[in-house]
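Here the structure comes first, spelled out in structure tokens, and everything after it is commentary.
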Number of protein chains: 2
Amino acid sequence: MNTMTFSALAEPNRLDIVELLLNGPLPVGEIAQRLDLNQPQTSKHLRFLSDAGLVEVQPVANKRIYKLRPEPLQELDSWLDSFRRIWEERFDNLDVYLRQLQQKSNNDGSGSK
Amino acid sequence: MNTMTFSALAEPNRLDIVELLLNGPLPVGEIAQRLDLNQPQTSKHLRFLSDAGLVEVQPVANKRIYKLRPEPLQELDSWLDSFRRIWEERFDNLDVYLRQLQQKSNNDGSGSK
DNA sequence: CTACAATATACGCGTTACGGAATATAACTG
DNA sequence: CAGTTATATTCCGTAACGCGTATATTGTAG
């Protein structure tokens with residue numbers, strides 16, 4: 001799992017941008033206006049999101065229209081698979097671990113490796 | 001969506017810890033050893049993960065055993081729902097947007113509101 | 001080519017984050 | 001109680017981040 005994705009989404013304004021773009025592609029100015037950000041910050045955040053692969057840009061005349069790229073979020077989705085599998089099984093194997101610990105300290109008189 | 005979760009997972013070592021704990025709860029020393037981290041860093045990362053609600057601790061004798069808490073990852077999972085919905089539909093509404101733009105610039109001689 | 005609109009980049013600043021080393025705390029052992 | 005193990009916290013230096021302001025870039029219109 002690429003930590004860039006998490007870094008990108010860890011910043012509140014960037015998370016807002018991503019959620020805003022769920023409604024469809026938008027040019028920088030619109031994004032800045034709707035989220036009440038100034039233009040340079042917006043560009044910088046978009047740059048970050050772009051580097052992380054979360055958005056891509058398409059120039060149209062004077063404007064640059066940003067839209068979401070599904071790939072990183074799909075990767076995130078499949079990363080979560082591992083956890084979904086566990087949630088359904090016995091997630092809390094604490095007792096198992098404790099039993100192992102117990103057993104270990106029984107035959108541990110000699111510090112074998 | 002809570003950005004704390006993203007911040008917590010944005011750090012490679014912390015991500016490793018979370019993935020390691022998928023196999024079951026572990027004490028600090030084991031985590032440090034398996035991930036080749038020194039003990040203070042491990043404790044600090046676990047502290048962070050704990051603040052983010054991603055892990056919880058259970059003291060056992062001398063040790064402190066950390067285990068995953070599913071809630072934040074479940075929240076993440078349901079956050080992704082919004083995107084899953086979109087992926088299946090027409091995700092790239094760029095053409096739609098462009099048509100709106102086109103139309104707007106037609107009857108935009110007077111800057112109404 | 002000039003003026004303008006939209007966007008990107010550079011710079012300086014204060015804050016936060018991470019790592020390492022040292023130290024503090026807590027519990028077990030004898 | 002002293003010694004030891006396991007873990008947490010503190011202090012410090014450095015690097016990255018987010019913000020605001022100013023400036024550069026790119027495209028459009030006349």
Among the candidates D:dT7, D:dT9, D:dC19, find the nucleotide nearest to the side-chain atoms of B:Pro27.
-> D:dT7

Nucleotide of C:dA10, D:dG18, C:dG19 approaching A:Phe48 most closely (side-chain heavy atoms) = D:dG18

Is a side-chain N or O of A:Asn38 found less than 3.5 angstrom from the main chain of A:Gln41, in a donor-acceptor match?
-> yes

So CG of A:Leu20 and CG of A:Asn13: to nearest 0.5 Å the spacing works out to 11.5 Å

Can you tell me if the side-chain N/O atoms of A:Arg14 get under 4.0 Å from OP1 or OP2 in D:dG18?
-> yes

Give the nucleotide from the list D:dC11, C:dA8, D:dG20 with an atom nearest to the side chain of A:Arg64.
-> C:dA8

Can a side chain N or O of A:Tyr66 be found less than 4.0 Å away from OP1 or OP2 on C:dA6?
-> no

Please give, in whole Å, the distance from D:dA8 P to B:Lys63 NZ?
-> 13 Å

Could you run through nucleotides 22-30 of chain C and give me one letter per nucleotide, 5' to 3': B if any protein heavy atom sits under 4.0 Å from the base, S if only the sugar-phosphate is that close, - if neither?
-> B----BS--

Rounded to whole angstrom units, what separation is found between the CZ atom of A:Arg47 and the C1' atom of C:dT9?
-> 9 Å

In whole angstroms, how far is the C1' atom of D:dG18 from the CG atom of A:Asp16?
-> 15 Å

From CG of B:Leu37 across to C1' of C:dA21 the rounded distance in Å is 16 Å

Got a second to check how far A:Glu30's CD is from A:Ile65's CD1, nearest 0.5 Å?
-> 9.5 Å

Verify the contact: side-chain N or O of B:His45 to OP1 or OP2 of C:dA17, cut-off strictly under 4.0 Å; return yes or no.
-> no

For A:Met4 and D:dA16, what is the distance between atoms CE and C1' respectively, to the nearest whole Å?
-> 13 Å

For the residue pair B:Arg69 and B:Leu49, establish whether any side-chain heavy-atom pair is separated by less than 4.5 Å.
-> no

Rounded to the nearest angstrom, tell me the gap between atom NZ in A:Lys44 and atom C1' in D:dA24.
-> 14 Å

Mind checking whether B:Phe83 and A:Leu76 sit in one hydrophobic cluster, side chains of I, L, V, M, F, W, Y counted as touching below 4.5 Å?
-> yes

So B:Phe6 and B:Trp79, would you call those rings parallel, tilted or perpendicular, with 30° and 60° as cut-offs?
-> perpendicular

Using the closest heavy atom to pick a nucleotide of DNA chain D for each, name whichever of A:Asn38 or B:Gln41 lands nearer the 5' end.
-> B:Gln41

Is a side-chain donor-acceptor pair under 3.5 Å present for B:Gln74 with B:Ser78?
-> no

Could you check how far CG of B:Leu49 sits from P of D:dA8, rounded to whole Å?
-> 12 Å

When rounded to whole Å, the CD to P distance for the pair A:Gln33 and C:dA5 reads 15 Å

